[in-house]
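All values below were derived from every heavy atom in this structure, side-chain atoms included, with hydrogens, water molecules and symmetry-related copies excluded.
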Amino acid sequence: QVQLVESGGGLVQAGGSLRLSCAASGRSFSSYVMGWFRQAPGKEREFVAAITWSGGSTYYVDSVKGRFTIARDNAKNTVYLQMNSLKHEDTAVYFCNAGGYRGTYVPYNYWGQGTQVTVSS
């Protein structure tokens, strides 16, 4: 079992930055691939980024490549999402997930409550 709590969302102007954090509790945090997803109003939840247990491999959706960076600190049981050059279309509720990777990220049923990111244009 893993419990996830996101923080760091807020209101920012286009071009600005935010850093999201996801604190995990429970055992074996370091054994999971960790991912970030987002869901905008009226849209399906979409994959944003993922990072392997060692941090050696990261994966991003094309729309955030070069702007977002995912990182993790296994000693602190925390995963981060640094978001730079934010755009209005990045506005969404952002969710943390613990999962696996089998050629593509596989989300397990471990989700945080989400944190709202609003980018004003």
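In this structure, S121 and A14 approach most closely via the heavy-atom pair CA-CB, 4.3 Å. The shortest non-hydrogen separation linking G26 to N77 is O-ND2, 4.2 Å. S85 approaches S17 most closely through the heavy-atom pair N-OG, 4.3 Å. Heavy atoms only, all atoms of each residue included: A98 and Y105 are closest at C-OH, 3.5 Å. Heavy atoms only, all atoms of each residue included: A49 and L81 are closest at CB-CD1, 4.2 Å. Considering every non-hydrogen atom in both A92 and A40, the closest pair reads CB-N, 3.8 Å.
Evaluated for a side chain to side chain contact (heavy atoms under 4.5 Å, CB included) with W36, the options I51, L20, V61 yield exactly one hit, L20. Checking T52, V48, I70, V33 one by one against Y59, the side chain to side chain contact (heavy atoms under 4.5 Å, CB included) holds for a single residue, T52.
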What's the verdict on side-chain contact (heavy atoms from CB on, under 4.5 Å) for H88 and S120, showing C-alpha distance, side-chain angles and the deciding distance?
-> CA-CA 6 Å; H88 178 67; S120 62; over 6 Å; no

Report the C-alpha distance between D73 and Y80 in whole Å, list the side-chain angles of each, state the deciding distance to 0.1 Å, and finish with yes or no for side chain to side chain donor-acceptor pair (under 3.5 Å).
-> CA-CA 8 Å; D73 185 338; Y80 305 96; 4.8 Å; no

Begin from the C-alpha positions of D62 and Y60 and carry the test side-chain contact (heavy atoms from CB on, under 4.5 Å) through to its verdict.
-> CA-CA 6 Å; D62 286 347; Y60 300 92; over 6 Å; no

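Counting non-hydrogen atoms of neighbouring residues, nucleotides and ligands closer than 6.0 angstrom, the CH2 atom of W53 reaches no more than 12 such neighbours. Within a 6.0 Å sphere centred on CD of Q113, other residues, nucleotides and ligands contribute more than 12 heavy atoms.
Side-chain contact between E6 and S21 is absent, with no heavy-atom pair separated by less than 4.5 Å. Taking the side chain as every heavy atom from C-beta outward, Q82 and F68 never approach each other to under 4.5 Å.
Separation of the F47 and F37 ring centroids falls under the 6.0 Å cut-off.
Separating the CE atom in M34 from the CG atom in L4 is a distance of 5.0 Å, to the nearest 0.5 Å. The distance from atom OG of S54 to atom CZ of R72, rounded to the nearest 0.5 Å, is 8.0 Å. Rounding to the nearest 0.5 Å gives a distance of 7.0 Å between SG of C22 and CZ of F29.
No donor-acceptor pair closer than 3.5 Å links the side chain of T91 to the backbone N or O of T118. Without hydrogens or angle criteria, N97 side chain to Y108 main chain gives a donor-acceptor distance under 3.5 Å. Side chain of E44 to backbone of Q39: no donor-acceptor contact under 3.5 angstrom is found.
No path of Ile, Leu, Val, Met, Phe, Trp and Tyr side chains, each step under 4.5 Å between heavy atoms, connects V5 with L18, placing them in separate hydrophobic clusters. Each of L11 and V93 belongs to its own hydrophobic cluster when Ile, Leu, Val, Met, Phe, Trp and Tyr are linked at side-chain heavy-atom distances under 4.5 angstrom.
Applying the salt bridge (Lys or Arg N to Asp or Glu O under 4.0 Å) rule to pairs touching residues 88-98 yields R38-D90, R67-D90, sequence neighbours excluded.
Ring-plane geometry between Y110 and Y32 is classed as perpendicular, the angle between the planes exceeding 60 degrees on a 0 to 90 degree scale with a lower cut at 30.
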